[in-house]
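These values consider heavy atoms only, across backbone and side chains, with no hydrogens, waters or symmetry-generated copies. Throughout, protein chains are lettered first and strands after them, A, B, ... in sequence-line order, and every chain is numbered starting at 1.
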2 protein chains.
Amino acid sequence: MGITKSHIFTVKENKLAKYAKALGHPARISILKLLAKKQACVCGDIVDELPLSQSTVSQHLKELKEAGLIKGDIEGASVCYCIDEKEWKNAQASINQLFDSYKDKVGSCC
Amino acid sequence: MGITKSHIFTVKENKLAKYAKALGHPARISILKLLAKKQACVCGDIVDELPLSQSTVSQHLKELKEAGLIKGDIEGASVCYCIDEKEWKNAQASINQLFDSYKDKVGSCC
DNA sequence: AATGGTAATCGTAATATTGCGATTAGATTA
DNA sequence: TAATCTAATCGCAATATTACGATTACCATT
């Protein structure tokens, strides 16, 4: 139905999925890389760096903001976007917890 | 247009986004956790663990397989699903590379 | 050969995503 | 105040995702 049955999963699973979903688009990866390098913090600079329209970039920024990965401070007429340090680390830790839960195979199947 | 302009991004960015997208649903997180713990390797066991229909689980498994994170070996009538060790490590490394590219803020903006 | 179990696929419906042009709201400058 | 610049939002179209029941294909038993 295009709608996820979130209630049957844990809060933690949903939060992790939300982080991952935000990372699940190359444009958003690209934006985050720009923000990480701090070469572009102002929205307009991001638009200039990517071959996407202003409205499209704005929407991607909105999704990253809703996932919690970034935050935007209004600076006069423009908006300064930055990575949310706390959530960024939290996301990394959550993802690594999943990856690390897999111990090297001992044989069994496959 | 609901279709991603993949060609304007790098292969690496697209690959990372693909991994993240696969992780972007709580059901798939849940499945991967089961596989990581090896409590469920056979498809049927996964279906039993989750309150989702067989066809829905099968579809999620397909997406995880297409992203490369898991593989399935046919064992008689049933199918044994396991994490693809190599791709798993590759995915973790790619994601961490992005996260680690952000150095703690020194001030600038936000 | 007939039956039963397992898992992929098909078809369908509801909803979400991606992308853009156009418009709008706020701040800045002339 | 008028003109301008910035970024969010609206409206739309194309496509993708999520979910399920039904069907199908394939093993394994009987």
Side-chain angles (χ1 to χ4, degrees), chain A residues 1-9 13-14 17-18 20-31 34-35 40-67 70-82 109-110, chain B residues 1-9 13-14 17-18 20-31 34-35 40-67 70-82 109-110:
Chain A
M1 307 170 182
I3 193 159
T4 298
K5 296 169 96 181
S6 313
H7 61 285
I8 66 175
F9 303 105
E13 284 167 344
N14 279 300
K18 199 175 173 187
K21 196 173 186 180
L23 298 175
H25 194 286
R28 292 193 288 270
I29 295 288
S30 202
I31 289 170
L34 287 173
L35 293 185
C41 215
V42 175
C43 179
D45 292 348
I46 301 169
V47 174
D48 291 343
E49 294 280 342
L50 298 176
L52 291 171
S53 75
Q54 180 266 322
S55 58
T56 301
V57 171
S58 190
Q59 203 170 331
H60 282 304
L61 286 168
K62 189 184 175 189
E63 274 162 66
L64 287 170
K65 205 161 63 177
E66 276 169 4
I70 67 170
K71 53 187 174 178
D73 279 10
I74 298 169
E75 290 196 351
S78 53
V79 178
C80 170
Y81 280 103
C82 288
C109 57
C110 305
Chain B
M1 306 169 181
I3 195 162
T4 298
K5 295 169 100 182
S6 313
H7 61 285
I8 66 175
F9 303 104
E13 285 167 344
N14 279 300
K18 199 175 173 187
K21 197 173 185 180
L23 297 177
H25 193 286
R28 293 194 286 272
I29 295 288
S30 202
I31 289 170
L34 286 173
L35 293 185
C41 215
V42 175
C43 179
D45 293 348
I46 300 168
V47 174
D48 291 342
E49 294 280 342
L50 299 177
L52 291 171
S53 73
Q54 180 267 320
S55 59
T56 301
V57 171
S58 190
Q59 201 170 332
H60 282 304
L61 286 168
K62 189 184 174 189
E63 273 162 67
L64 287 170
K65 204 161 64 176
E66 276 169 5
I70 67 170
K71 53 187 173 178
D73 278 11
I74 298 169
E75 289 196 352
S78 52
V79 177
C80 170
Y81 280 103
C82 288
C109 57
C110 305

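Each of C/dA7, C/dT9, D/dA19 was ranked by its minimum atom distance to the side chain of B/His25; first place goes to D/dA19.
Remark: A/Ser55 engages A/Ser53 in a side chain to side chain contact (heavy atoms under 4.5 Å, CB included) (not counting sequence neighbours). The side-chain hydrogen bond (donor to acceptor under 3.5 Å, both in side chains) search around A/Gln54 returns none, not counting sequence neighbours. Take A/Gln59 and apply the side-chain hydrogen bond (donor to acceptor under 3.5 Å, both in side chains) test, not counting sequence neighbours, and it matches no residue. Applying the side chain to side chain contact (heavy atoms under 4.5 Å, CB included) criterion to A/Ile8, with sequence neighbours excluded, gives A/Lys5, B/Pro51, B/Leu52.
What separates OH of B/Tyr81 from P of C/dT6 is a distance of 15 Å, to the nearest Å. Whole-Å rounding puts the B/Leu64 CG to C/dA7 P distance at 16 Å. Counting to the nearest Å, the P atom of D/dA7 and the CD atom of A/Glu49 are 14 Å from each other.
B/Leu61 comes within contact range of no nucleotide atom at all, as no heavy-atom separation falls under 4.0 Å. Using a 4.0 Å heavy-atom distance criterion, A/Lys21 is classed as a sugar-phosphate-only contact. Using a 4.0 Å heavy-atom distance criterion, A/Gln59 is classed as a base contact. Here B/Val47 lies out of heavy-atom contact (under 4.0 Å) with every strand.
Applying the salt bridge (Lys or Arg N to Asp or Glu O under 4.0 Å) test to pairs two or more places apart or on separate chains, those with a residue in residues 54-66 of chain B are B/Arg28-B/Glu63.
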Inset, instruction - Let me have a per-nucleotide readout for nucleotides 21-30 of chain C, 5' to 3', with B, S or -, counting only protein heavy atoms under 4.0 Å. - result: BB----SS--
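Below 30°, between 30° and 60°, or above 60°: for B/His25 and B/His60 the angle between ring planes is between 30° and 60°, a tilted geometry.
Residue-to-nucleotide proximity on DNA chain D shows that, of A/Ser58 and A/Phe9, the 5′-proximal contact is made by A/Ser58.
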